[in-house]
Participant: 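Sharing a structure with you now.
Hydrogens, waters and symmetry mates play no part in the numbers below; they use all other heavy atoms, side chains included.
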Amino acid sequence: MSNSALKQKAVSATFWSGIDTFARQGLQFVVSLILARLLSPQDYGTIGLLAIFVGLAGVFVDSGFSTALIQREHISDIELSSVFYFNLGVSLVAAALLCVFAPWIAEFYSMPILRAVTWVLAANLVIGSLGSIQQVLLTKALDFRRQCMISLVAQLVSGAVAILLAWHHFAVWSLCIQTLLATTIGTLLLWGSSSWRPGRRFSIAAIQSLFRFGSFLFLSALLDTLF
């Protein structure tokens with residue numbers, strides 16, 4: 001790719017990345033304003049109580065591999081497939097641990113509803129991991145326009161459904177379904193917009209090679225989430 005073509009692609013990527021950020025944040029702001037009128041502070045607090053558990057699980061699922069793949073100039077299909085299966089495997093383990101500890105979390109906070117809410121957010125981790133590689137490939141290709149469209153559709157549909165559920169007094173489940181639906185729609189659209197599919201190979205050597213770079217990002221994200 002020539003320097004002029006690369007420059008033009010970088011400018012386009014910057015433009016669409018900015019549009020994505022402002023549009024997504026603006027849409028989420030409007031949805032949050034409406035939901036704040038329909039839901040109670042306790043509904044938001046119920047989700048907030050699980051933030052540390054879900055946040056930590058998300059850090060372990062990614063483990064810095066997404067950024068490691070993006071920064072590497074040339075990546076092979078076996079590296080992509082290995083990271084895909086690694087992310088999926090860790091997400092399943094993390095989701096299983098969340099489900100196992102869900103009763104303890106609910107008992108600790110004296111809120112029985114947290115058990116079911118934890119199960120839903122655990123499923124969200126697994127669904128999100130399925131689209132991680134497609135997201136990486138779009139980023140490496142500087143295709144932020146497609147990412148913007150996917151993000152907006154996911155936010156718009158999930159936000160509309162959350163408002164409808166909140167209007168019908170589904171309380172905290174409005175926020176749970178919003179999160180799960182946004183991730184599910186985003187993952188489906190990522191798969192639909194990408195021709196890449198995981199192969200049947202897994203390489204520990206590829207994981208180790210990528211982790212040499214990703215481990216520092218993993219530790220940084222871990223400390224940030226704990227803080």
Side-chain angles (χ1 to χ4, degrees), residues 13 16-17 20-21 24 50-51 53-99 120-155 157-158 178-222 224-225:
W16 282 106
S17 178
D20 179 30
T21 300
R24 180 162 38 84
L50 299 174
F53 303 105
V54 178
L56 283 175
V59 171
F60 279 96
V61 170
D62 181 74
S63 294
F65 285 116
S66 293
T67 307
L69 287 172
I70 291 171
Q71 66 85 33
R72 182 165 291 188
E73 185 176 0
H74 301 291
I75 52 175
S76 63
D77 187 65
I78 191 171
E79 288 175 326
L80 293 172
S81 297
S82 298
V83 172
F84 174 84
Y85 290 123
F86 177 88
N87 288 347
L88 179 59
V90 174
S91 70
L92 289 171
V93 172
L97 288 174
L98 283 174
C99 290
V120 172
L121 296 183
N124 191 64
L125 280 175
V126 178
I127 296 172
S129 71
L130 294 174
S132 59
I133 299 301
Q134 284 83 355
Q135 187 86 41
V136 165
L137 293 175
L138 287 178
T139 302
K140 283 186 70 69
L142 299 180
D143 193 350
F144 289 97
R145 178 180 179 276
R146 191 174 304 182
Q147 292 188 62
C148 177
M149 297 296 105
I150 291 173
S151 176
L152 287 180
V153 170
Q155 291 289 336
V157 175
S158 62
Q178 180 187 20
T179 301
L180 188 64
L181 192 58
T183 302
T184 302
I185 293 174
T187 299
L188 289 174
L189 291 177
L190 284 170
W191 275 71
S193 63
S194 174
S195 60
W196 182 85
R197 296 294 183 268
R200 297 182 178 181
R201 297 185 298 170
F202 179 85
S203 170
I204 295 179
I207 292 296
Q208 291 174 335
S209 175
L210 289 165
F211 193 66
R212 291 191 188 102
F213 177 86
S215 59
F216 297 101
L217 299 169
F218 164 71
L219 291 174
S220 176
L222 185 62
D224 184 59
T225 303

Participant: Side chain to side chain donor-acceptor pair (under 3.5 Å) with R146: which residues, sequence neighbours excluded?
Facilitator: D143

Participant: Considering residues at least two apart in sequence or located in another chain, which fulfil the side chain to side chain contact (heavy atoms under 4.5 Å, CB included) criterion with L56?
Facilitator: I52, L222, T225, L226

Participant: Evaluate side chain to side chain contact (heavy atoms under 4.5 Å, CB included) for I75 paired with L210, printing each intermediate quantity in order.
Facilitator: CA-CA 10 Å; I75 52 175; L210 289 165; 5.5 Å; no

Participant: Who passes side chain to side chain contact (heavy atoms under 4.5 Å, CB included) against Q135, sequence neighbours left out?
Facilitator: Q147, L190

Participant: Is there a side chain to side chain contact (heavy atoms under 4.5 Å, CB included) between L130 and W191? Walk through the geometry before answering.
Facilitator: CA-CA 9 Å; L130 294 174; W191 275 71; 4.3 Å; yes

Participant: With sequence neighbours left out, what residues match Y85 under ring-ring contact (aromatic ring centres under 6.0 Å, His included)?
Facilitator: none

Participant: My understanding is that only residues two or more places apart in sequence, or in another chain, count here; which of them pass side chain to side chain donor-acceptor pair (under 3.5 Å) with T179?
Facilitator: none

Participant: With sequence neighbours excluded, what pairs up with S220 under the side chain to side chain contact (heavy atoms under 4.5 Å, CB included) test?
Facilitator: none

Participant: Run the ring-ring contact (aromatic ring centres under 6.0 Å, His included) test against F53 and tell me which residues pass, sequence neighbours left out.
Facilitator: none

Participant: Going by the rule salt bridge (charged side-chain N to carboxylate O under 4.0 Å, His left out), which residues pair with R197 if we only count those two or more places apart in sequence or in a different chain?
Facilitator: none

Participant: Which residues satisfy the side chain to side chain contact (heavy atoms under 4.5 Å, CB included) test with F216, sequence neighbours excluded?
Facilitator: none

Participant: Quick one: list whatever passes side chain to side chain donor-acceptor pair (under 3.5 Å) with S82, sequence neighbours left out.
Facilitator: none

Participant: Taking only distance into account, with no hydrogens and no angle test, what donor-acceptor pairs under 3.5 Å do side-chain atoms of residues 120-127 form with protein atoms, sequence neighbours excluded?
Facilitator:
from	atom 1	to	atom 2	distance (Å)
N124	OD1	T183	OG1	2.7
N124	ND2	T183	OG1	3.4

Participant: Does L138 form a side chain to side chain contact (heavy atoms under 4.5 Å, CB included) with F144? I'd like the steps, not just the answer.
Facilitator: CA-CA 7 Å; L138 287 178; F144 289 97; over 6 Å; no

Participant: Please name all residues satisfying side chain to side chain donor-acceptor pair (under 3.5 Å) with S203, sequence neighbours left out, ordered by chain then number.
Facilitator: none

Participant: I'd like to know whether CZ of R201 has more than 12 heavy-atom contacts from other residues, nucleotides or ligands below 6.0 angstrom.
Facilitator: no

